Amino acid sequence: MASTTISSLALWDAARVSMSRTQNQVGIASQEVTTGRHYDVGIALGTDTSRAIDGRVIMADMNAITAMNGVVGERLSAMQASLTGMLGLARSLFAEAAQAGHAGVDRELFVQSARSKLETLQSLLSVTSNGSYAFSGTNSLTAPVADYLGDPPSAARSAVIGAFTAEFGIAPDDPAVANLTGDQLKNFWGGSYASLFETPAWQSAFSNATGDAITFRIGPAEYASYSTSANDAGVRNLYSALVAVIDAGTSEMSAEAFGALAGLVAGAAGSAAADIARSQGALGETQGRMTDANKRMETRLLALEKVVGGLEGVDQVEASTRLNSLTTQLQISYAVTARMFKLSLLDYI
Amino acid sequence: MSLSVAYNIARGALAANAASASVVSRNVTNGENSNAARKTALLVTDATGGVYVAGVASQVATALLEKALESASASGQSVEVSGALRQLAEFIGDPELETSPAALIGAFRGALQAAAAVPHDATALQGVLSAAERLAASLNMASDTTASIRQTAQESFAQGVGELQTLVESFSDLNREIVTGTALGQDVTDQIDRRNGLLGQIAELVNIRTQTRADNDVAIFLGNGAILFETSARTISFDGSAALLPGQPGSLLRIDGIPQSSGERLGGKLGGLLIVRDEISLQVSSQLDEIARGLIVATRESDQSAVPTGGDQAGLFTYAGGPGLPPSGAVTTGLASMISVNANVRPAQGGLLELIRDGGISDPGDPRYDYNAASEPGYSGRLNQLIDSLTADQPFASSIGISVASGGVLALATTSAGWVEGERSSSSADSEQKKILAGKASSAWHSEVGVNLDDELTALMALERSYQASSRLISSVNAMFDALLSAVR
């Protein structure tokens with residue numbers, strides 16, 4: 001007799017298999033409800049996993065860039081503050097020099113003020129950020145300038161005095177300086193003195209700063225650079241103006257010569273102020289680009305978080321609905337199985 | 001017709017009843033045996049109208065059995081493949097944990113970025129070194145894991161071949177018993193059940209086709225048509241002693257000395273193991289090798305002289321064959337297990353951290369490869385160059401199964417992770433589906449041929465009734481005889 005019935009084993013096995021499958025899914029759904037992410041992201045996404053990884057790599061990159069923009073930005077702000085200080089120095093030197101030519105001005109006071117300005121300038125240039133000198137360019141572990149007025153005399157000071165002596169045959173503190181004319185001084189200023197503040201003499205005697213521009217990454221595919229350092233024209237002009245007041249025989253020279261010198265100093269201070277303002281502008285532009293890049297990255301980070309979250313995450317409402325229906329299914333399954341196992345012909349015969 | 005004939009028929013019915021009851025009891029006993037088919041006593045009416053049990057027949061469903069065997073081998077294969085892929089994908093991990101080579105390349109780039117902002121800072125350079133070491137270690141580990149998965153597959157394959165030999169031998173004995181028994185008209189149904197069980201076990205190992213012939217003789221063929229068993233068992237062999245060569249397929253299953261198909265066509269657990277050993281793990285390790293090569297190439301150093309005379313050399317990342325670069329266009333087998341961070345930048349090995357910033361890692365004594373000749377602590381040019389080169393386009397071998405249009409080694413690592421997870425995802429879905437199909441097919445077969453206890457109990461009740469009827473018949477005939485005899489007396 002051919003049987004058209006289902007075998008008992010197949011009947012019971014079906015219930016067992018479906019129960020264990022449902023239990024499995026309950027485990028998955030309950031984890032998804034609690035974490036809000038796929039139970040197994042790799043399996044859920046397949047090849048799209050590369051998109052999730054890519055998104056996370058880009059996010060990590062932008063976070064690193066943003067953090068480092070903070071570090072570099074701090075350095076740029078410190079440099080801006082220093083430049084503002086230098087601009088103040090240049091302006092006040094300009095004002096003082098413009099008045100110094102008139103009679104009745106205390107030359108010693110003028111020189112004294114120049115000395116203190118030089119000291120301020122040196123300390124402004126020696127500003128550090130994150131353990132490196134901001135104005136030293138790539139030679140960032142060496143102070144950009146040595147103390148000009150230090151003892152023993154700095155190389156820079158010796159070079160200035162040497163140039164003066166070579167030009168006029170007398171030292172700047174020699175009383176004979178009084179014999180120098182304004183024209184002679186102008187010649188010196190425009191000739192051997194000026195070349196002291198030009199490359200390469202400037203780098204060998206005054207400045208330790210090196211390198212052209214410092215380039216840094218401000219966005220995933222965006223570089224910015226700045227070249228502000230102690231080698232800037234503004235710094236050189238300010239130096240040449242201040243050093244001239246200190247070491248060009250100011251106290252000994254005739255009123256005519258002093259008037260000429262004061263004019264030259266005022267001119268140098270004026271162009272220093274203009275140059276420094278230009279440096280500030282350039283630095284400010286870099287800072288601006290960095291801020292823009294940060295803003296762009298912020299927007300992109302938000303968007304990427306959504307993309308990655310959308311890829312890796314599950315709809316928690318859907319997951320919890322699924323969990324509910326699965327548990328109901330499991331309960332029904334238990335009830336049905338229990339009833340089925342209770343059904344036995346043996347109970348009725 | 002005489003009363004004694006009626007008596008004999010009733011007696012025969014009792015005997016047939018007992019035989020049927022024994023078949024029912026065998027069925028009930030086998031209720032939980034998934035290989036057992038339902039047996040039926042074959043009742044035959046003789047010339048006098050009596051009944052006797054001529055033999056026992058098993059319920060047969062050949063087509064369903066074939067289907068069950070086929071899906072069992074498909075399931076065996078996909079379970080192996082998806083299991084191996086799960087292990088292989090471990091080095092990628094959850095994207096959130098950022099443990100994949102791609103994420104670690106990203107972390108390395110982050111460390112470079114941090115160092116480029118403060119190139120004078122030894123801590124930042126140390127950060128680059130540790131990120132590079134983590135990256136190299138993760139590639140080494142992934143490569144070793146892949147190799148060990150291959151080795152395990154090889155060993156499991158050898159073991160599986162051993163099982164197959166034993167199973168085919170047992171099959172051979174059982175088949176002979178069945179053929180002889182059938183020829184002699186014996187009840188061989190229990191042996192057939194056991195033989196079906198063996199067939200199921202063999203099908204889990206390899207994809208087979210069966211052919212049933214006269215006298216219940218069964219021949220087994222592999223999916224490719226090769227004979228596994230025909231009247232006698234064929235010699236099954238496998239040379240598992242030969243070491244697995246990296247990057248090259250291992251030896252195959254041999255029947256009568258002839259190597260059989262690999263992977264997909266062999267099917268079953270053994271076919272799955274071959275796919276793991278010769279396809280998936282080779283593919284993954286070649287991708288890892290190319291990622292390693294991409295890193296070495298991305299961090300290479302070139303001659304900085306005005307008129308370059310030296311070729312490019314391996315810098316931060318190097319390998320056993322350094323400082324020359326590994327050849328491009330072809331996979332350098334085992335590169336991922338050899339890649340390491342150059343000792344010249346490891347302070348612990350007498351190296352200089354600053355070389356990460358300055359270059360000249362390949363040969364600190366050769367000034368041609370020094371990017372920062374003045375050794376300026378604020379130099380960030382080389383670090384920026386390294387950041388860019390990680391995503392700079394470079395050619396990769398076409399044999400690795402994936403290709404990237406742009407984005408350099410980082411894109412390759414990301415794509416590779418996607419490839420592995422894609423394979424894992426589809427194989428996992430595939431194996432789930434095949435498992436369900438195998439369950440369904442085996443349950444369909446069992447539904448058709450298996451024992452239903454209620455049915456058997458009902459049959460038992462019917463037998464009980466017919467026993468009662470037969471006994472009543474005997475007692476009635478007996479009473480008639482009594483009446484007849486007392487009349488005669």
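Note that this is a predicted model, so its numbers are computed, not measured. Naming convention: chains lettered A, B, ... in sequence-line order (proteins, then strands); numbering from 1 in each chain.
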[Y] and [X], any side-chain heavy atoms less than 4.5 Å apart:
X      : Y      : value
A/Y133 : B/H120 : no
A/R21  : B/K435 : no
B/I92  : A/I53  : yes
B/V451 : A/S8   : no
B/L383 : A/F216 : no

Quick one: what part of [X] sits under 4.5 Å from any heavy atom of chain A, side chain, backbone, both or neither?
X      : value
B/L43  : neither
B/A89  : neither
B/A102 : both
B/S416 : neither
B/I436 : side chain
B/D94  : side chain
B/I105 : neither
B/L42  : neither
B/N33  : backbone
B/E32  : both
B/S380 : side chain

Exercise. Which residues satisfy the side chain to side chain donor-acceptor pair (under 3.5 Å) test with A/Y223, sequence neighbours excluded?
Worked result: B/D388
Problem set entry | Test item: A/R75 side-chain N/O and B/A117 main-chain N/O as donor-acceptor pair under 3.5 Å | yes
For this session: Indicate yes or no for a side-chain donor-acceptor contact from A/S7 to the backbone of B/H446 under 3.5 Å, with no hydrogens or angles considered.
Result: yes
Exercise. Does CD belonging to A/E222 count more than 12 external heavy atoms closer than 6.0 Å?
Worked result: yes
Tell me, for [X] versus chain B, whether the close heavy atoms (under 4.5 Å) come from the side chain, the backbone, both or neither.
X     : result
A/D13 : neither
A/V71 : side chain
A/D40 : side chain

Problem set entry | Residue pair B/E376 / A/S140, side-chain donor-acceptor N/O under 3.5 Å | no
For this session: List the atom of B/G106, the atom of A/V57, and the distance in Å for their closest heavy-atom pair.
Result: CA-CG1, 3.9 Å
Problem set entry | Contacts with chain A made by residues 419-432 of chain B (heavy-atom distance under 4.5 Å), listed by residue number | B/E421, B/G422, B/R424, B/S425, B/S428, B/E432
Exercise. If you count heavy-atom pairs under 4.5 Å with chain A, which of B/T391, B/L410, B/I387 comes out on top?
Worked result: B/I387
Seminar exercise, completed: Note: vs chain B, highest number of non-hydrogen pairs under 4.5 angstrom among A/D54, A/V41, A/D61, A/N130 is A/D61
